[in-house]
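Let me begin by presenting the structure, written as structure tokens, before commenting on it.
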Amino acid sequence: KAGVTQTPRYLIKTRGQQVTLSCSPISGHRSVSWYQQTPGQGLQFLFEYFSETQRNKGNFPGRFSGRQFSNSRSEMNVSTLELGDSALYLCASSSLGSSNYGYTFGSGTRLTVV
Amino acid sequence: GNSVTQMEGPVTLSEEAFLTINCTYTATGYPSLFWYVQYPGEGLQLLLKATKADDKGSNKGFEATYRKETTSFHLEKGSVQVSDSAVYFCALRENTGNQFYFGTGTSLTVIP
């Protein structure tokens, strides 16, 4: 079956702009999580959505937001981009709530802010 | 709180050498433990997992045992190959939640 699909793969934006990233989970997966990966901070949790509701949120400013649609696809938005937002953004999906299953990660969107 | 500490890299080994990457954790509850691998330009791939104490996860020759008494989940492989070159992440997830806590990653390079 198809894996987690993230689009676009690469993105270059200017400071002050906003950006929207997309994640399509594995079919049947209802939980989608987002992570930011940077060389300095490593992998940091942004938020998790389940059935269109944000279930958990990491310690990021309000410029970072997300949503999930009824088909479980998710988007994250970053407004007023800063240079420090340059990172690999990873999306992961999981089946219903089971702690016995690892998440499946997408290949990520590489965002560069200039 | 929850956190994962893994050995600093980079690690460089010759082909067929023995690999150990240390990982220890701190958790408020009873977590599941994971090793993920990231190849250049790619996302994370689940390598192996263990969901309770004394469980051993294994995959592709890699093994890790969930040691509650030492709060550790060290990754081992008896004979590494060039194709094992990647960054390895240790992670935990509380059984009551869905958030992962990752270590900082250990870069492994295997030379022929």
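Here is the naming used below: chain letters follow the sequence lines, and residue numbers restart at 1 for every chain.
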Exercise for review: May I ask you to check whether over 12 heavy atoms, not counting those of E8(B), lie within 6.0 Å of atom CD?
Suggested key: no
**Study point:** Flag if over 12 foreign heavy atoms under 6.0 Å of CG, N59(A)
**Key:** no
Practice item. Examine Y36(B) together with F105(A) and report whether their ring centres are nearer than 6.0 Å. Key: yes
**Study point:** Reported CD-to-CZ distance for the pair Q99(B) and R55(A), which is rounded to 0.5 angstrom
**Key:** 12.0 Å
Point to revise | chain A contact via F89(B) - which portion, at a heavy-atom distance below 4.5 Å | key: side chain
Practice item. Establish, yes or no, whether a centroid distance under 6.0 Å links the rings of F102(B) and F45(A). Key: no
**Study point:** CA sep, side-chain torsions, deciding dist, call: L44(B), L90(A), side-chain contact (heavy atoms from CB on, under 4.5 Å)
**Key:** CA-CA 8 Å; L44(B) 301 178; L90(A) 293 168; 4.1 Å; yes
Practice item. Could you tell me whether Y30(B) atom OH has more than 12 heavy atoms of other residues or ligands within 6.0 Å of it? Key: no
Point to revise | Heavy-atom closest contact (S107(A) atom, E42(B) atom, distance) | key: OG-OE1, 3.4 Å
Exercise for review: Kindly indicate whether the side chain of F100(B), heavy atoms from C-beta on, has any atom under 4.5 Å from the side chain of Y35(A).
Suggested key: yes
**Study point:** Heavy-atom neighbours of K57(A) NZ exceed 12 at 6.0 Å
**Key:** yes
Review point. Is R15(A) atom CZ crowded by more than 12 heavy atoms from other residues, nucleotides or ligands, each under 6.0 Å away?
Key: no
Check your understanding: chain B heavy atoms under 4.5 Å from Q37(A): which part of the residue, side chain, backbone, both or neither?
Key -> side chain
**Study point:** Shared hydrophobic cluster for F47(A) and V19(A) (ILVMFWY, side-chain gaps under 4.5 Å)
**Key:** yes
Check your understanding: Given a strict heavy-atom distance threshold of 4.5 Å, which part of R9(A) is in contact with chain B: side chain, backbone, both, or neither?
Key -> side chain
Study note, to complete from the structure: Under 4.5 Å to a heavy atom of chain A? For Q38(B) that would be side chain
Exercise for review: Using the rule that two of Ile, Leu, Val, Met, Phe, Trp, Tyr join whenever any of their side-chain heavy atoms come within less than 4.5 Å, decide whether F34(B) and F73(B) are in one cluster.
Suggested key: no
